[in-house]
Every structure is written in structure tokens, then in C-alpha cells.
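Treat the numbers as computed from the prediction; the structure is a model and nothing was measured.
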Amino acid sequence: MEEKTTYLYDLKELDDKIVEETLLEVIEILKDKKYRPINQLTGYLMSGDPGYITSYRDARKKIASIDRSKIIEFLLKKGLMK
């Protein structure tokens, strides 16, 4: 008889992973376009204007799919809670 395993996932941990992967991908896209990622992301996070993020390779759609407050929370945790 095959044994079944139940996995428990921490949704907060999963959210953080999605935010991190998306940010890393958008940063690489911004670099590819010769933008300064910190400047562009800061502008976007402070204003909410998606125009700060290029539409190249769907970077704008990717970053906009995540609530800005989740991105800010993630960045603060990574920066302050090392």
C-alpha cells in the first residue's frame, strides 16, 4: 500500500518567495534595459505609478501583480531582520 504524505506550507513563506523571485526577475529586466533598478523600484513603490517599470518582457505586469505593501514589507524584513 502506498503511503501518502501531507505537506504543510507556510503561506507567509510562500508569499515571500513569490515576492523575492518577482523582484529579482524585474531587477534583471531593468538592468537589461540599462535602468537603475533601485531608482525605478523606489519611484514605483513611492508613487504607485507603474510607468517607472518597463513593459519589456512583462516586467510591469509582473511587479503590478503583487501588492506594493507586500513588496515594501518584504524589503524591510530583508533589510532590518538579517
Side-chain angles (χ1 to χ4, degrees):
M1 185 169 183
E2 188 177 316
E3 195 173 311
K4 294 185 179 187
T5 305
T6 301
Y7 295 99
L8 296 176
Y9 294 98
D10 181 352
L11 291 181
K12 189 65 182 151
E13 195 174 301
L14 192 58
D15 276 350
D16 285 350
K17 189 68 177 163
I18 291 168
V19 171
E20 181 176 24
E21 288 175 358
T22 302
L23 279 173
L24 291 173
E25 189 174 358
V26 169
I27 287 167
E28 284 306 309
I29 293 168
L30 289 168
K31 287 179 181 178
D32 285 351
K33 294 297 284 181
K34 308 295 188 227
Y35 290 113
R36 293 182 176 163
I38 290 177
N39 295 353
Q40 300 308 116
L41 286 167
T42 299
Y44 168 67
L45 292 172
M46 290 182 68
S47 70
D49 180 359
Y52 281 96
I53 307 299
T54 181
S55 60
Y56 178 67
R57 290 180 33 206
D58 288 331
R60 189 176 295 154
K61 287 181 186 175
K62 290 173 185 178
I63 200 81
S65 71
I66 300 171
D67 187 88
R68 286 184 305 135
S69 64
K70 284 188 179 188
I71 296 171
I72 293 168
E73 179 183 338
F74 172 80
L75 292 171
L76 285 170
K77 283 193 304 188
K78 286 295 183 181
L80 297 176
M81 308 297 269
K82 288 183 179 184

Enquirer: Going by side-chain hydrogen bond (donor to acceptor under 3.5 Å, both in side chains), name the residues that satisfy it together with Asn39, two or more places apart in sequence or in a different chain.
Expert: none

Enquirer: Determine all donor-acceptor pairs shorter than 3.5 Å in which one atom belongs to a side chain in residues 41-58; sequence neighbours excluded.
Expert:
from: Thr42; atom 1: OG1; to: Ile38; atom 2: O; distance (Å): 2.7
from: Ser47; atom 1: OG; to: Gly43; atom 2: O; distance (Å): 2.7
from: Ser47; atom 1: OG; to: Asp49; atom 2: N; distance (Å): 3.0
from: Asp49; atom 1: OD1; to: Gly51; atom 2: N; distance (Å): 2.8
from: Thr54; atom 1: OG1; to: Tyr56; atom 2: N; distance (Å): 3.1
from: Arg57; atom 1: NH1; to: Asp32; atom 2: OD2; distance (Å): 2.8

Enquirer: In chain order, what residues pass the side-chain hydrogen bond (donor to acceptor under 3.5 Å, both in side chains) check against Glu20, with sequence neighbours excluded?
Expert: none

Enquirer: Give the C-alpha distance, both sets of side-chain angles, the deciding distance and a yes or no for side-chain contact (heavy atoms from CB on, under 4.5 Å) between Ile71 and Ile63.
Expert: CA-CA 9 Å; Ile71 296 171; Ile63 200 81; 3.9 Å; yes

Enquirer: Got a second to check how far Arg36's CZ is from Leu30's CG, nearest 0.5 Å?
Expert: 13.0 Å

Enquirer: Starting from the C-alpha separation in whole Å, work towards a yes-or-no answer on side-chain contact (heavy atoms from CB on, under 4.5 Å) for Glu21 and Lys17.
Expert: CA-CA 6 Å; Glu21 288 175 358; Lys17 189 68 177 163; 3.2 Å; yes

Enquirer: Applying side chain to side chain contact (heavy atoms under 4.5 Å, CB included), can you list everything that pairs with Glu28, at least two apart in sequence or on another chain?
Expert: Lys31

Enquirer: Please name all residues satisfying side chain to side chain contact (heavy atoms under 4.5 Å, CB included) with Leu76, sequence neighbours left out, ordered by chain then number.
Expert: Ile72, Leu80

Enquirer: Could you tell me which residues satisfy side-chain hydrogen bond (donor to acceptor under 3.5 Å, both in side chains) with Glu73, sequence neighbours excluded, listed by chain and number?
Expert: Lys12

Enquirer: Starting from Leu75, can I reach Tyr35 by hopping between I/L/V/M/F/W/Y residues whose side chains sit under 4.5 Å apart?
Expert: yes

Enquirer: Do the side chains of Phe74 and Ile66 get nearer than 4.5 Å, heavy atoms only?
Expert: no

Enquirer: What is the distance from atom CD1 of Ile27 to atom OG1 of Thr22, rounded to the nearest 0.5 Å?
Expert: 10.5 Å

